[in-house]
Amino acid sequence: MPPMVIRFLASALLALPLAVVACLAVRSEPAPAGGAPVAPTEEVAAKPTPEAPVKVVVGAYINDIQELDFKTNSYAIDLYVWFRWKGADLDPSKTMEFMNRYASDANIRDELYDKPKSMPDGGLYSIIRYQGQFSTKFQLEKYPFDTQSLLVVMEDTVAAADTQIYVPDPEGSVTINPDITLPGFKVGKPEVQVVDRPYPTNFGDLAEPEASAYSRLMLTIPVTRPIVAMSIKAFVPIGLIVVCAALVFFVRPRYVEGRIGLGITALLTLVALQLTSGASLPDVDYLMMIDKIYLLAYLFIILALARVVMTSWRGADAEAEASIARHDRIWVGVLLAAYFAANLAVAWQALRVT
């Protein structure tokens, strides 16, 4: 065998073990984490995207409103609420809760369907009827020219806003019975608003380490008092008492007892009228408009009595009596003008749009 061939075979035999060792080393080298490198766009596409929250379409029909109780800040209502959604694993009509329900044994909640009804678009439909009392904080600063907002607040008790949200029904989110009559009030057009209500607690649920926000649907029904009728009922009796108190200026100054008696009678009558008219109203920590009207009437009577007391020492003097009577006419004119101007200012402040 030629020497060149012998050298080639010897080199091949020496290189063969090195090649085998190199192949084993390559196969035993750990692969990069996550497998072969991928493009950034492919990596983002491979990640699972969070599911969008389920949209629950909500609508309401207000059948009746009764029993506005200002003492307890509550009212009674009869309404229907319907839901449309997609997803057989949900039933928002059963998990919806009225957040401002007033504690009462007379509250009735009826499911009109035992099971959700299928819709032509592949969704589901359910409707409930609720009759009961709701709590709402009445604002009485402008009483008796106040406008009240009857509030119904709905929220899901299970699903947070990241999994389920309310959407007002585009076909008509809220409708009111045109035959509704609420004695003493005019019922306005109701409105619907959806907000996310965050809570500062997880309610002790260890599966939810952070507090969640919940989708909340708020139904508002404005009711107003008739201005003309309430003005006659509230202000005419007060005005009559003030006019009677003004008569003290037309009694002869020498009859001091009669003048003081007339003023005291007007004052006591005004006190009794205020206690009677406010019997149906709650105790509030601010002055209502009607309170300011009463305070002006009290001030008028007190000033009238003060004038009588100031002139009582000279009332028996025949020469001074004519002067006192003449000045009394000026007093009654100034006091009445100031009283009515102050009343108009109070009424204007209450009626202006803020």
Side-chain angles (χ1 to χ4, degrees), residues 50-66 74-102 104 107-137 148-180 182 187-199 203 208 211-223:
E51 296 182 358
V54 177
K55 295 182 178 181
V56 179
V57 178
V58 184
Y61 174 75
I62 302 168
N63 188 48
D64 198 9
I65 303 172
Q66 322 99 2
S74 65
Y75 71 96
I77 191 171
D78 177 9
L79 77 162
Y80 294 83
V81 182
W82 62 83
F83 307 85
R84 293 200 311 271
W85 74 97
K86 292 185 178 180
D89 56 339
L90 299 176
D91 192 349
S93 66
K94 298 186 182 301
T95 56
M96 185 274 292
E97 179 183 4
F98 291 105
M99 303 303 295
N100 63 326
R101 185 183 62 180
Y102 188 79
S104 173
N107 295 335
I108 301 174
R109 176 169 176 160
D110 295 323
E111 296 275 350
L112 273 64
Y113 296 109
D114 295 334
K115 296 181 179 180
K117 180 180 178 182
S118 299
M119 291 284 100
D121 61 351
L124 297 174
Y125 169 84
S126 185
I127 183 171
I128 66 171
R129 181 180 183 181
Y130 190 87
Q131 303 172 74
Q133 289 183 292
F134 286 87
S135 173
T136 187
K137 301 301 183 289
Q148 301 299 337
S149 297
L150 307 183
L151 190 63
V152 177
V153 181
M154 291 173 274
E155 187 177 295
D156 197 278
T157 58
V158 177
D162 56 351
T163 58
Q164 176 181 310
I165 59 173
Y166 288 136
V167 178
D169 192 342
E171 301 297 330
S173 56
V174 58
T175 310
I176 190 168
N177 184 358
D179 297 328
I180 284 182
L182 189 59
V187 182
K189 183 179 180 182
E191 298 178 351
V192 170
Q193 183 183 12
V194 176
V195 297
D196 284 348
R197 163 73 180 190
Y199 285 92
F203 299 98
E208 298 288 341
S212 301
Y214 289 78
S215 183
R216 171 172 288 192
L217 187 140
M218 298 186 295
L219 172 62
T220 306
I221 312 164
V223 293

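Note that the structure is a prediction, hence the values are computed from the model and not measured.
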Shortest non-hydrogen contact from [X] toward [Y]:
| X | Y | value |
| --- | --- | --- |
| Lys86 | Gly123 | CG-CA, 3.7 Å |
| Met96 | Tyr166 | CG-OH, 3.5 Å |
| Tyr61 | Trp82 | N-CZ3, 3.8 Å |
| Asp196 | Ser215 | OD1-CA, 3.9 Å |
| Leu217 | Val58 | CD1-CB, 3.8 Å |

ring-ring contact (aromatic ring centres under 6.0 Å, His included) partners of Tyr214, counting only residues at least two apart: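 Checked Tyr214 against ring-ring contact (aromatic ring centres under 6.0 Å, His included); matches are Tyr199.
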Evaluation steps, side chain to side chain contact (heavy atoms under 4.5 Å, CB included), between Val223 and Leu150: CA-CA 7 Å; Val223 293; Leu150 307 183; 4.1 Å; yes
With Asp64 via side chain to side chain donor-acceptor pair (under 3.5 Å) - residues at least two apart: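 Counting only residues at least two positions away or on another chain, Asp64 forms a side chain to side chain donor-acceptor pair (under 3.5 Å) with Gln66.
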Contacts of type side chain to side chain donor-acceptor pair (under 3.5 Å), residue Thr95, not counting sequence neighbours: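 Side chain to side chain donor-acceptor pair (under 3.5 Å) list for Thr95, sorted by chain: Asp156.
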May I ask you to test the [X]-[Y] pair for a side-chain heavy-atom distance under 4.5 Å?
| X | Y | answer |
| --- | --- | --- |
| Arg109 | Ile128 | yes |
| Val81 | Val152 | no |
| Pro190 | Thr220 | no |

Test log, rule side chain to side chain contact (heavy atoms under 4.5 Å, CB included), inputs Asn107 and Tyr130: CA-CA 7 Å; Asn107 295 335; Tyr130 190 87; 3.2 Å; yes
Asn100 side chain vs Leu151 backbone, donor-acceptor pair below 3.5 Å: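 Looks like yes, one N/O pair under 3.5 Å.
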Salt bridge (charged side-chain N to carboxylate O under 4.0 Å, His left out) partners of residues 74-84, not counting sequence neighbours, each pair once: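 Sorted result for residues 74-84: Asp78-Arg129, Arg84-Asp169.
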Aromatic ring pairing Tyr113/Tyr125, orientation class (parallel under 30°, perpendicular over 60°, tilted between):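 Rings of Tyr113 and Tyr125: perpendicular, as their planes differ by over 60°.
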Working for side chain to side chain contact (heavy atoms under 4.5 Å, CB included), residues Thr136 and Ser149: CA-CA 8 Å; Thr136 187; Ser149 297; 5.8 Å; no
Side chain to side chain contact (heavy atoms under 4.5 Å, CB included) between Tyr75 and Gln133, worked out: CA-CA 5 Å; Tyr75 71 96; Gln133 289 183 292; over 6 Å; no
Those residues that, when tested against Arg216, pass salt bridge (Lys or Arg N to Asp or Glu O under 4.0 Å) (two or more places apart):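 With neighbours one apart ignored, the set is Glu155.
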Listed partners of Pro116 passing side-chain contact (heavy atoms from CB on, under 4.5 Å), at least two apart: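 Only Trp85, Asp91, Leu124 meet the side-chain contact (heavy atoms from CB on, under 4.5 Å) criterion with Pro116.
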